[in-house]
Amino acid sequence: MDKNEKKLVDELRHKAHMMGPLRDLKEMLNRAESNFTGRTAIVEKQNKTEVVSYTITRLVSDVNAVGTALLSMGLKGKHIAVLGENSYRWVVSFLAVVCGVGVAVPLDKDLSDEDLSKLMTKSDAEAVFCSKTYYKTLKEHIKNDERMKNVFVWNKKYDDAGFMTFDELVEKGNELIKNGDRSYIDAVIDNNAVAAIVFTSGTTGANKGVMLSHKNFATNVDGIIDTIPTEYTSFSLLPMNHVFELSCNIFTALYMNATIYVNDSLKNILSNIQLFKPDAMNAVPLVLEGIYNGIWAAAKERGKAEPLKKLVKLSNKLRSHGIDLRKVLFASIRKNFGDKFPTLVCGGAPSRADYVSGLGDFGFRVYNGYGLTESSPTVTLNMHADDDPTSAGFAFPKSKFIIHNPDADGIGEIWIKGDNVTQGYYKDPEATAESFEDGWFKTGDYGRVTDKGELFVSGRKKTLIILDNGKNVFPEDIEFFVMDNLGYIREAVALELEKEIRGRTEKVIGLAVYVEPSDFDDMNEKEIKEKVEKDIFNLNRRQPSYKKVQDVAVVTKEFPKNSTRKIIRQKVADSYESYKQ
C-alpha cells in the first residue's frame, strides 16, 4: 500500500471515528460498509493456491442474504453454532446470526466429536454452520439431538435431510431480498441482548458458556481503536472461535478496514506471511516463542548464531544512545516476514520475558495485556511489552479493575467491572452468582497494582500451590524463573505433588519441563535429563526454601495444548509419573 492509499484509508477511518461509540455489531458492519464501500475486507486462499478477495460490500451483502434466509426458515431467536476452519464463510456465518437472527455459538474445531456434540446440546443449538470436515460429526449429532434440524455446509453439497449448502442459503436470501423482504435488513438490535455464547477453553476444568452481548463486543472494539494504532493489514492466525481473535482482530479490522489475510494452515504460517506481508497479527505466547526460537535455530543452522548475538548487542548499545538501526542490521530476518516486522499483539497467557524482549531486539513491536473470555476479552494493555514484558499494562478504556483483599505483598484477586464484562454463564446460575460480588466479576486470577495503576499478574487461583507450611506459591513464578535462567527449556509446568520425606508425606513442588534434544550437542537422552535435573536443582540455591523444586520430570516432546496453544495443565498433572519413566 503506497502513501496515497494509506492517506485515503486514514481519512476514511477518521470519518468512522467521528461517528461516536458503537452500539452493536450490526451498526459496526453498516458503518464499515458505508465508510469503506468497495474496499477489500478479507483475503483467503482456496484450494491451497488460489487467492480470493472479498470486499466489505460483498461481505455485508452475504451477511444480509444469509440472515434473511435464516429468518425465512423460522430460526428467529434460535441458537446457531459455527464450527470449522478460519475462513470468509466463518465470518459471514457468525455475523449473519448475531446481526438479526439469534445467538451464535462459536465452537472449537479441535474438540472431539463427543465434546462438540455435548457443547451443541448444552448451548441449545438448533442449527449449525460448518465445513465439510464436520459432516460425520453433525450427521451423528442429529441422531442424538432432535432439536438440531438444519446443517449449513460451507464447501460441499450433501443430500441428507436438513443439510444445505452455504451458497444455496445465499441464493435463497438474495431472492427474498429482491422480492422485498427486509425483515433481516431492518431488524433492530438490543445491544444488551446476548450475541454469542463462547465456551471457555477448559484447561483446568469444565467448559463454561460465557454469554457476551452486543454491548460487550462493541465496547471492546471501541477500546481497541481508541488505544492501539490500527495497522493497514492484519493476519488471522488464531482460531476465530476464540474471543481474542474474533473481537480484537476480526471485528476491529472490519470496522477500520484493515484487510484481513486468513491463514489456511498452521504449517503454512511463514509462507503465508511472506505471501501476504501483514502489518499485524494476534498471537499467543507459544507463537511468539516459535518465532523467536525459529530465528535462532535458522541462525545456528547457518553458523550465524554468534555473529547475530554480536549484532543484537551492538544494536542495543546504539539504541541506548538514540540510534535505531534494527531495520538495517536485521534486514535478512525481516525478509522472512515479508520485508517487515509485523506488530505482535499477544494474549491468552503470560509470555516469557526473554522471548518478548528478544523479539523487540530484532525490531518487532509487541503489545501484551491481560484479559479473559468473560471480558470480551481485554482488561488491561501494555503497549511497550518489549521494554517490560512482565507488566500487563494499564486499564483498558471503559474497563475497571481492583485488587481484592491484597496480602502484605499487595497481591490479591483481580476483580473487574465494565461494559465489556459478561452478564454470566449460560444455564449456570450457580457459577454466575459465585463469580460476581457487588457488581464486580471475580476473575480467579491474582495480581498486584502499582501506585500508577499498572497491573502485574501473579497467577491463577485454580493452579495455586498450597504447601503444608501454609505458603502459597504461584506455579508461574517457578516456571518463568526456571525458563528465564535456563534458556534451553521450551516449556515448564509446576505442580503440587505429594512426596515421602523423612518418613512422612509432604506437599512439594514438582516441575515438568520440555526440552528439545537438538539444543544439546553430542548428548543422549539420559545425559540430557541428568543435565536438566542438575541445572534445575542448582537454581534452588537462588530461591527461598518454600519455592524450591523437589522433583523434576523431563520430556522431549511438547506438552498437550488446546486450540489456542495453551498448555492443558490437568493433562500434564495426569501424565507426570509417566513422564518420569
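When reading the values below, keep in mind they use all heavy atoms of this one structure, side chains included, and skip hydrogens, waters and symmetry mates. Note that the coordinates shown come from a computational prediction; the quantities given were computed from them, not determined experimentally.
Remark: E374 does not engage K417 in a salt bridge, criterion side-chain N to carboxylate O under 4.0 Å. With respect to the salt-bridge test (charged N to carboxylate O, under 4.0 angstrom), the residues R352 and D354 qualify. Salt bridge absent: R365 and D386 never bring a charged side-chain N and a carboxylate O closer than 4.0 Å. K78 has no carboxylate O lying under 4.0 Å from a charged side-chain N of D124, or vice versa, which leaves the two without a salt bridge. A salt bridge between E498 and K507 is absent, with no side-chain N of the basic residue lying under 4.0 Å from a carboxylate O of the acidic one. K208 and D428 are not joined by a salt bridge, as no carboxylate oxygen comes within less than 4.0 angstrom of a charged side-chain nitrogen. Checked for salt-bridge contact, R147 and E126 miss the test: no charged N lies under 4.0 Å from a carboxylate O. A salt bridge links D445 with R460: the distance from a Lys NZ or Arg NE/NH1/NH2 to an Asp or Glu carboxylate oxygen falls below 4.0 Å.
Nearest heavy atoms, N472 versus Y546: O-CE1, 4.4 Å. Contact detail for N241 and D108: the closest heavy-atom pair is ND2-CA, 3.6 Å. The two residues V243 and P377 make their nearest non-hydrogen contact at CG1-CB, 3.7 Å. Heavy atoms only, all atoms of each residue included: R490 and M483 are closest at O-SD, 3.9 Å. Nearest heavy-atom pair across L539 and V482 is CD1-CA, 4.1 Å. Pairing each heavy atom of P278 with each of P342, the nearest pair is O-CB, 3.7 Å.
The side-chain heavy atoms of L95 and L29, taken from C-beta on, include a pair separated by under 4.5 Å. At least one side-chain heavy atom of I478 sits under 4.5 Å from a side-chain heavy atom of V473. With a 4.5 Å cut-off on side-chain heavy atoms, W440 and K442 do not count as touching. Annotation: side chain of K109 is not in contact with side chain of C130 (no heavy-atom distance under 4.5 Å). Residues H384 and P389 fail the side-chain proximity criterion, which asks for heavy atoms closer than 4.5 Å. Taking the side chain as every heavy atom from C-beta outward, L455 and I414 approach each other to under 4.5 Å. Using a 4.5 Å cut-off on side-chain heavy atoms (C-beta onward), F396 and T227 make contact. Within the 4.5 Å cutoff, the side chain of K561 has heavy atoms near those of the L286 side chain.
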(request) Under the side-chain contact (heavy atoms from CB on, under 4.5 Å) rule, what do V105 and M120 come out as? Steps first, then yes or no, please. (result) CA-CA 8 Å; V105 185; M120 282 186 277; over 6 Å; no
(message) Could you walk me through whether T343 and E231 satisfy the side-chain hydrogen bond (donor to acceptor under 3.5 Å, both in side chains) test, starting with their C-alpha distance in whole Å, then the side-chain angles of each, then the deciding distance to 0.1 Å, before giving a yes or no?
(response) CA-CA 8 Å; T343 297; E231 302 287 0; 3.0 Å; yes
(message) For L288 and V366: C-alpha separation, side-chain torsions, deciding distance, then whether side-chain contact (heavy atoms from CB on, under 4.5 Å) applies.
(response) CA-CA 9 Å; L288 265 63; V366 184; 4.1 Å; yes
(request) Apply ring pair (Phe, Tyr, Trp, His ring centres under 6.0 Å) to H79 and Y426, showing your working. (result) CA-CA 12 Å; H79 294 187; Y426 184 64; 5.4 Å; yes
(request) Take F456 and D388 through the side-chain contact (heavy atoms from CB on, under 4.5 Å) test and state the conclusion after the steps. (result) CA-CA 11 Å; F456 289 82; D388 185 2; 4.0 Å; yes
(message) If you apply the rule side-chain contact (heavy atoms from CB on, under 4.5 Å), what do you find for L497 with I509, and how did you get there?
(response) CA-CA 6 Å; L497 302 178; I509 298 171; over 6 Å; no
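Side-chain atoms of T432 come within 3.5 Å of backbone atoms of Y425 as a donor-acceptor pair (strictly under, hydrogens ignored). The closest donor-acceptor contact from the side chain of S112 to the backbone of D115 lies under 3.5 Å. The backbone N or O of F481 lies less than 3.5 Å from a partner atom in the side chain of N485, making a donor-acceptor pair. The main-chain N or O of L119 is found under 3.5 Å from a side-chain atom of S123 such that the two form a donor-acceptor pair. No donor-acceptor distance shorter than 3.5 angstrom exists from the side chain of N382 to the backbone of N368, with no hydrogens or angles considered. Panel note: side chain H214, backbone L25; a donor-acceptor pair is recorded below 3.5 Å. A donor-acceptor contact shorter than 3.5 Å is absent between the side chain of T373 and the backbone of T200. Between the K76 side chain and the G100 main chain, a donor and an acceptor come within less than 3.5 Å of each other. Checking side-chain atoms of K461 against main-chain N and O of G444 turns up no donor-acceptor pair under 3.5 Å. In this structure, the side chain of E479 engages the main chain of A494 through a donor-acceptor pair within 3.5 Å.
Just one residue in the list N420, T378, D419, T252 forms a side-chain hydrogen bond (donor to acceptor under 3.5 Å, both in side chains) with N220, and that residue is T378. A side-chain contact (heavy atoms from CB on, under 4.5 Å) with H141 holds for exactly one of L116, T121, D113; it is T121.
Counted within 6.0 Å of NZ on K534, heavy atoms from surrounding residues, nucleotides or ligands total 12 or fewer; the atom is thus considered open. Atom NZ of K427 has more than 12 heavy atoms from other residues, nucleotides or ligands within 6.0 Å. Counted within 6.0 Å of NZ on K400, heavy atoms from surrounding residues, nucleotides or ligands total 12 or fewer; the atom is thus considered open. Surrounding CD of E434 are at most 12 heavy atoms belonging to other residues, nucleotides or ligands under 6.0 Å away.
Centroid-to-centroid, the aromatic rings of Y579 and F559 come within less than 6.0 Å. Not less than 6.0 angstrom separates the ring centroid of F362 from the ring centroid of F341.
In this structure, CH2 in W415 is found 15.0 Å from CZ in F401, a value given to the nearest 0.5 Å. One distance of note links OG of S236 with CH2 of W90; it measures 9.5 Å at 0.5 Å rounding. Annotation: the span from I402 atom CD1 to I416 atom CD1 amounts to 11.0 Å, rounded to 0.5 Å. In this structure, CZ on R448 lies 7.0 Å from CD1 on I411, to the nearest 0.5 angstrom. F94 contributes atom CZ, which lies 8.5 Å from atom SG of C99 (distance to the nearest 0.5 angstrom). One finds the CG atom of D190 at 9.0 Å from the NZ atom of K215 (value rounded to the nearest 0.5 Å).
In this model, no donor atom of one side chain and acceptor atom of the other lie less than 3.5 Å apart for N257 and Y232. In the model, N249 has a side-chain atom that pairs as donor or acceptor with a side-chain atom of E245 under 3.5 Å. Using a 3.5 Å distance cut-off with no hydrogens or angles, the side chains of S213 and N216 do pair a donor with an acceptor.
Taking the six-membered ring where the residue is Trp, H242 and F244 present perpendicular rings, their angle passing 60° and hence far from 30°. The aromatic rings of F441 and F436 stand perpendicular to each other, their planes meeting at an angle above 60°, with 30° marking the opposite boundary.
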